[in-house]
Structures are given as C-alpha cells and as structure tokens.
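This chain uses plain numbering: 1 for the first residue, then up along the sequence.
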Amino acid sequence: MATQYKSKHGTVSRAACELYMNFVDCSRFRDMIPEDKRDAVTADYDSIKAVVQGFSIGVRIVRREPYKLIMLEDDGAPFHFTIDLHFDQTDSPSKTEFYINVSADLNLMMKMMLGTKIQTALDKIVDALVAASEGRMPEGVDPEMLKNFKF
C-alpha cells in the first residue's frame with residue numbers, strides 16, 4: 001500500500017496560470033540545479049532524470065490540467081511514486097493556493113529513512129514559492145537558481 005504525503009497549503013502571490021506555467025516544462029528545472037551537478041541530469045519538456053549516488057531517478061509528466069494540476073510519476077526510480085502539483089485559484093485573481101501530494105510505494109525501511117525528509121521537503125518547497133512570490137528570497141536558496149522563474 002502506498003504511503004501518502006501532503007504538503008502544507010500556501011498562498012502564492014501569483015495567478016494560477018502564471019504559477020502553473022513555471023512547472024509545465026521539465027527542461028526548465030535543469031537550470032535550477034547547481035552547475036557542478038548538471039552533468040548528471042537530462043531533461044526535456046515531459047521528463048527529467050538524474051543519477052544520484054549511483055541511482056537513476058526521474059519523473060515524467062503524465063497529466064496536465066491547464067492552470068489547475070500537473071501529475072508526475074516515477075520514470076526509472078527504484079520504487080513507484082506519483083507527485084500531484086495543485087494550483088487552486090483563490091478569490092483573488094492574483095493569488096493561488098499551492099500544495100503538493102505524493103504517493104510512494106515505500107517498504108518499511110525506506111519509509112523510516114525517508115518519511116520525515118519527504119514531508120519536510122514538500123513543506124519547504126511550498127514555503128519557498130510563497131516567499132519568492134512575495135519578493136523574499138527563500139532561506140538557503142541561491143538567487144541564480146530562480147532566475148528562470150517568473151515571479
């Protein structure tokens with residue numbers, strides 16, 4: 001049975017269409033990877049793959065619902081997982097409620113090793129998007145990594 005992880009919800013100060021367009025093309029994420037690690041990463045519009053500590057791991061977009069949802073699934077990972085990126089328009093046309101759901105088929109040992117790290121990472125991604133959309137640089141993020149994002 002898959003383990004479910006749900007990020008916190010964050011209000012991003014951008015319209016849903018603007019935020020969605022930042023995530024729709026996987027090739028844009030290669031530029032956000034530190035230069036010394038880019039050789040281990042390949043990406044195109046629909047997928048991104050990397051070799052991390054000898055393991056090949058990747059994701060590919062399997063569904064796009066414009067301005068609402070992007071669904072990704074593993075592409076050559078050692079375990080099956082899916083990632084759903086949600087872009088919910090709020091009452092304000094310039095704000096979007098953003099959150100991430102992950103479903104992962106982890107064995108007990110992997111769940112113990114990765115569980116809290118996955119949850120923490122998801123929440124940090126949401127916090128970073130909220131901060132960047134408000135003109136604040138997220139803690140621990142190199143501004144060069146976000147140069148291709150339109151905030």
Side-chain angles (χ1 to χ4, degrees), residues 1-34 37-90 95-134 138-142 145-151:
M1 186 170 152
T3 303
Q4 307 297 316
Y5 298 95
K6 297 178 183 226
S7 75
K8 62 171 66 175
H9 290 223
T11 302
V12 179
S13 297
R14 292 292 178 264
C17 61
E18 267 184 274
L19 187 58
Y20 173 91
M21 293 306 292
N22 280 303
F23 288 91
V24 76
D25 180 357
C26 290
S27 66
R28 298 180 73 222
F29 290 98
R30 190 171 184 276
D31 295 336
M32 295 176 64
I33 296 166
K37 298 195 181 358
R38 283 189 197 150
D39 288 344
V41 178
T42 58
D44 60 28
Y45 185 74
D46 291 317
S47 64
I48 187 166
K49 288 186 179 187
V51 176
V52 179
Q53 296 181 348
F55 290 99
S56 177
I57 188 164
V59 295
R60 64 183 149 79
I61 296 176
V62 294
R63 184 169 152 202
R64 292 177 177 93
E65 287 183 33
Y67 318 128
K68 294 180 180 171
L69 175 71
I70 297 174
M71 296 177 72
L72 304 106
E73 71 178 18
D74 68 281
D75 189 14
F79 57 90
H80 177 68
F81 64 89
T82 61
I83 303 168
D84 300 339
L85 306 175
H86 294 267
F87 310 86
D88 295 343
Q89 189 66 57
T90 65
K95 295 191 184 286
T96 303
E97 184 176 346
F98 176 78
Y99 57 99
I100 306 165
N101 293 337
V102 172
S103 176
D105 292 336
L106 302 174
N107 63 35
L108 184 59
M109 188 170 93
M110 290 179 79
K111 197 182 302 187
M112 288 176 19
M113 286 177 22
L114 299 175
T116 57
K117 291 179 182 185
I118 292 170
Q119 186 65 56
T120 300
L122 295 177
D123 290 342
K124 282 186 176 186
I125 291 167
V126 172
D127 287 342
L129 279 174
V130 170
S133 75
E134 295 171 349
E139 185 179 320
V141 174
D142 179 358
M145 291 174 65
L146 296 177
K147 69 183 177 193
N148 290 331
F149 264 68
K150 300 200 179 6
F151 282 118

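- Note that NE2 of H80 is 5.5 Å distant from CD of E73, once rounded to the nearest 0.5 Å.
- Y99 has its side chain within reach of D88: a pair of non-hydrogen atoms, C-beta onward, lies under 4.5 Å apart.
- Proximity of L129 to L19: side-chain heavy atoms (C-beta onward) are separated by under 4.5 Å at one or more points.
- Defined by atom type and a distance below 3.5 Å, a donor-acceptor pair is present between the side-chain atoms of D44 and S47.
- Rounded to the nearest 0.5 Å, atoms CD1 (I118) and CD1 (I100) are 12.0 Å apart.
- Looking only at distances, a side-chain donor or acceptor of Q89 sits under 3.5 Å from a matching main-chain atom of K95.
- Of the charged side-chain nitrogens involved, none lies within less than 4.0 Å of a carboxylate oxygen, so that R64 and D25 do not count as a salt-bridged pair.
- In terms of heavy-atom proximity, T96 sits nearest to A16 at OG1-N, 2.8 Å.
- With 3.5 Å as the limit, one finds a donor-acceptor pair spanning the side chains of Q4 and S103.
- Rounding to the nearest 0.5 Å gives a distance of 11.5 Å between CG of L85 and CG of N22.
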So I48 and V59, side-chain contact (heavy atoms from CB on, under 4.5 Å) or not? Walk me through it. CA-CA 6 Å; I48 187 166; V59 295; 3.7 Å; yes
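- The side-chain heavy atoms of I57 and D74, taken from C-beta on, include no pair separated by under 4.5 Å.
- Between M21 atom CE and I70 atom CD1 the span is 9.0 Å, to the nearest 0.5 Å.
- Rounding to the nearest 0.5 Å gives a distance of 8.5 Å between OG1 of T82 and CG of N101.
- Scanning all heavy atoms of the two residues, the minimum distance from S13 to E134 falls at OG-CG, 3.7 Å.
- Taking 4.5 Å as the limit, every side-chain heavy atom of F23 sits out of range of all side-chain heavy atoms of L72.
- For the pair R38 and I33, the tightest heavy-atom approach, listed with the atom from each and the gap, is NE-O, 2.8 Å.
- Taking the six-membered ring where the residue is Trp, Y20 and F87 present perpendicular rings, their angle passing 60° and hence far from 30°.
- Minimum heavy-atom separation, T3 to K111: OG1-CE, 3.1 Å.
- Annotation for A43 and S27: closest pair CB-CA, 3.8 Å, computed over non-hydrogen atoms.
- Residues Q119 and S7 come closest through the heavy atom pair NE2-CA, 3.9 Å.
- Looking only at side-chain heavy atoms (C-beta outward), F98 and V126 come within less than 4.5 Å of each other.
- Considering only heavy atoms from C-beta on, E18 stays 4.5 Å or farther from V12 through its side chain.
- Distance alone, capped at 3.5 Å, is enough to place a donor-acceptor pair between the D123 side chain and the K8 backbone.
- Residues Y5 and L106 have side chains in contact (heavy-atom distance under 4.5 Å, counting atoms from C-beta outward).
- A 4.5 Å side-chain heavy-atom check between H86 and E97 finds every atom pair outside the cut-off.
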